[in-house]
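Below: one structure, written as structure tokens.
Values below: all heavy atoms of this structure, side chains included; hydrogens, waters and symmetry mates excluded.
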Amino acid sequence: MPTRRLGRSNLSIEPLVFGTNVIGGTIDEPQSFKVLDAFVAEGFTAIDTADIYTKGSSETIIGNWLQARGNRDKVLIFTKVGADNGTGARDNSAKWITQGVENSLRRLKTDYIDLYQTHWLDGHTPQEETLGTYAKLVEAGKVRILGASNFDTALLREALDISAANGWPRYETLQNEYNLYARDSFEEVQRLCVEEEVSGIHYFSLARGFVSGKYRTEADASKSPRGPAVIQRYFNDKGFRLLAALDRVHARTKESLTAIALAWLNAQPGSAAPIARASTIEQVKELARGARLTLSAEDLKDLTDAGR
């Protein structure tokens with residue numbers, strides 16, 4: 001399977017990242033082990049988590065899995081800091097990052113993190129303080145490369161300039177929301193990512209399940225706890241146009257709507273991989289098909305036009 005380089009770093013990944021905000025929540029530890037095993041068995045290596053996912057349980061269960069399988073050197077672990085310092089407030093301060101990385105390393109049962117990401121900016125800590133702290137973690141070998149999340153063009157430009165001016169490691173990835181329906185968050189910064197070789201890894205890649213075709217009528221809201229929110233957000237002219245386009249591409253390719261939606265993301269400039277979660281082995285296999293799927297120019301245009 002072709003891999004994609006993360007920014008200008010020496011790390012590369014396959015075009016799919018496993019999202020783990022269900023681990024320790026929707027699925028327990030034994031089931032989490034099963035889906036992680038299935039993900040690796042399909043030939044993928046990148047696993048994304050965060051210190052706040054399921055109140056730390058996601059990192060803890062991943063750490064238990066790494067220890068049980070003895071495969072730390074065969075996978076890439078991505079995690080994040082800054083969303084909540086335990087008091088309900090975002091925090092990008094040197095003090096919290098220095099403490100937060102130790103908490104994540106302990107839960108993950110590892111001595112290094114492959115990709116450490118700023119989850120959200122807190123709105124008051126200077127980026128110089130945050131990036132300078134990260135530089136020390138990289139120098140200490142606790143972190144290999146850095147990434148940002150939920151950044152726009154101005155914030156990413158500022159961060160890249162600060163790193164360059166100080167000779168510090170820079171952000172090599174950007175994790176923003178991006179899917180067939182919600183495009184603005186990444187496409188606003190996409191040009192800068194392409195120019196500066198910052199790799200996009202995209203969350204909510206399946207629009208909370210909407211682009212899988214799972215939700216077709218208001219009665220489908222009962223299919224999952226998030227069903228009512230999906231109906232409220234995506235049941236509109238744009239959403240229905242997208243489902244119709246996905247159905248047309250399905251008729252031409254015979255692939256699932258989930259696989260098609262992931263393949264569209266992987267075809268976009270600046271994209272390294274979508275992040276997608278799974279609760280069952282069958283879902284992992286479907287995600288894998290999407291990562292391996294290449295759509296025709298006609299299919300890509302059909303989908304792109306439908307979401308305008």
Side-chain angles (χ1 to χ4, degrees), residues 1 3 6 9-14 16-86 96-119 133-134 136-147 149 172-173 175 201 203 272-273 275-285 287-288 291:
M1 191 186 321
T3 59
L6 293 180
S9 76
N10 61 356
L11 298 185
S12 295
I13 64 170
E14 305 77 20
L16 179 66
V17 177
F18 192 79
T20 64
N21 60 350
V22 296
I23 286 180
T26 306
I27 57 175
D28 60 13
E29 183 164 310
Q31 184 63 18
S32 298
F33 277 32
K34 290 178 182 178
V35 294
L36 288 167
D37 287 343
F39 180 74
V40 172
E42 289 286 345
F44 300 100
T45 56
I47 299 167
D48 181 78
T49 186
D51 55 359
I52 64 164
Y53 287 174
T54 55
K55 299 180 179 180
S57 293
S58 176
E59 286 187 334
T60 297
I61 291 173
I62 292 168
N64 293 342
W65 175 75
L66 291 171
Q67 185 177 65
R69 299 296 182 260
N71 62 352
R72 179 64 186 90
D73 60 338
K74 296 179 175 64
V75 296
L76 299 176
I77 301 298
F78 305 170
T79 194
K80 313 178 197 72
V81 67
D84 185 340
N85 65 5
W96 176 243
I97 291 170
T98 302
Q99 179 182 341
V101 73
E102 296 300 333
N103 292 339
S104 288
L105 289 169
R106 173 178 48 80
R107 287 190 292 260
L108 289 164
K109 295 181 172 60
T110 184
D111 55 5
Y112 68 96
I113 293 163
D114 295 291
L115 173 63
Y116 203 39
Q117 303 160 92
T118 300
H119 206 159
T133 306
Y134 287 149
K136 294 176 183 177
L137 297 181
V138 173
E139 184 178 6
K142 295 180 179 182
V143 171
R144 297 179 72 184
I145 68 171
L146 304 172
S149 183
E172 301 292 354
T173 63
Q175 184 178 150
I201 52 177
Y203 70 82
I275 302 169
R277 67 186 194 181
S279 299
T280 67
I281 293 172
E282 292 72 24
Q283 289 174 352
V284 172
K285 292 181 180 298
L287 298 179

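Applying side chain to side chain contact (heavy atoms under 4.5 Å, CB included) to Gln117 and the options Leu146, Thr79, Asp48, Val81 leaves one that passes, Asp48.
No donor-acceptor contact under 3.5 angstrom links the side chains of Tyr203 and Ser149, judged on distance only. Using modelled atom types and a 3.5 Å distance limit, the side chains of Thr49 and Ser58 yield a donor-acceptor pair.
Ion pairing of Arg107 with Asp51 is absent here, as no side-chain N (NZ or NE/NH1/NH2) approaches a carboxylate O to less than 4.0 Å. The pair Arg72-Asp111 does not count as a salt bridge, with every side-chain nitrogen at least 4.0 angstrom from each carboxylate oxygen.
Here the closest heavy-atom approach between residue Arg277 and residue Gly19 is recorded as CB-O, 3.3 Å. Scanning both residues, Val143 and Ile145, for their nearest heavy atoms gives CG1-O, 3.3 Å. For the residue pair Thr173 and Gly147, the shortest heavy atom distance occurs at OG1-CA, 3.3 Å. Taking both residues in full, the closest heavy atoms of Gly24 and Ser32 are given as N-OG, 4.2 Å, listed atom of the first, atom of the second, then distance. When all heavy atoms are compared, the tightest approach of Leu287 to Ala278 is CD1-CB, 4.0 Å. Minimum heavy-atom separation, Phe18 to Val284: CE1-CG2, 4.2 Å.
Thr20 contributes no side-chain N or O that, together with a main-chain N or O of Ile23, makes up a donor-acceptor pair within less than 3.5 Å. Remark: the backbone N or O of Gln31 is paired with a side-chain donor or acceptor of Asp28 at under 3.5 angstrom. Not a single donor-acceptor pair under 3.5 Å links the side chain of Gln67 to the backbone N or O of Gly63. Under the 3.5 Å distance criterion, the side-chain polar atoms of Ser9 are matched with a main-chain donor or acceptor of Leu11. A donor-acceptor pair under 3.5 Å is absent between the side-chain atoms of Ser104 and the main chain of Val101, judged by distance alone.
Taking the side chain as every heavy atom from C-beta outward, Gln175 and Phe78 never approach each other to under 4.5 Å. Side-chain contact between Arg106 and Asn103: present, with at least one pair of heavy atoms (C-beta onward) separated by less than 4.5 Å. No side-chain heavy atom of Asn21 sits less than 4.5 Å from a side-chain heavy atom of Thr54. In this structure, the side chains of Ile27 and Lys34 stay at 4.5 Å or more apart for every pair of heavy atoms. Under the 4.5 Å side-chain criterion, counting only non-hydrogen atoms from C-beta, Tyr134 is in contact with Tyr116.
How far CD1 of Ile47 is from CG of Leu76: 8.5 Å, rounded to the nearest 0.5 Å. Atom CZ of Arg144 and atom CG of Asn10 lie 6.0 Å apart (nearest 0.5 Å). Between atom CD1 of residue Ile77 and atom OG1 of residue Thr45 there is a gap of 9.5 Å, rounded to the nearest 0.5 Å. Note that the CG atom of Leu115 and the NZ atom of Lys80 stand 9.0 Å from one another [nearest 0.5 Å]. Annotation: the span from Lys74 atom NZ to Leu66 atom CG amounts to 11.5 Å, rounded to 0.5 Å. Residue Thr98 holds its OG1 atom at 6.0 Å from CG of Leu137, rounded to the nearest 0.5 Å.
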Where do Glu282 and Thr280 land on the side chain to side chain contact (heavy atoms under 4.5 Å, CB included) test, with the steps shown first? CA-CA 5 Å; Glu282 292 72 24; Thr280 67; 3.5 Å; yes
Determine whether Asn71 and Trp65 satisfy the following criterion, side-chain hydrogen bond (donor to acceptor under 3.5 Å, both in side chains), listing intermediate values before the conclusion. CA-CA 9 Å; Asn71 62 352; Trp65 175 75; 5.9 Å; no
What do the steps show when you test Phe33 against Asn64 for side chain to side chain contact (heavy atoms under 4.5 Å, CB included), and what is the final call? CA-CA 9 Å; Phe33 277 32; Asn64 293 342; 4.0 Å; yes
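A search for salt bridge (charged side-chain N to carboxylate O under 4.0 Å, His left out) contacts involving Glu102 returns Lys142, not counting sequence neighbours.
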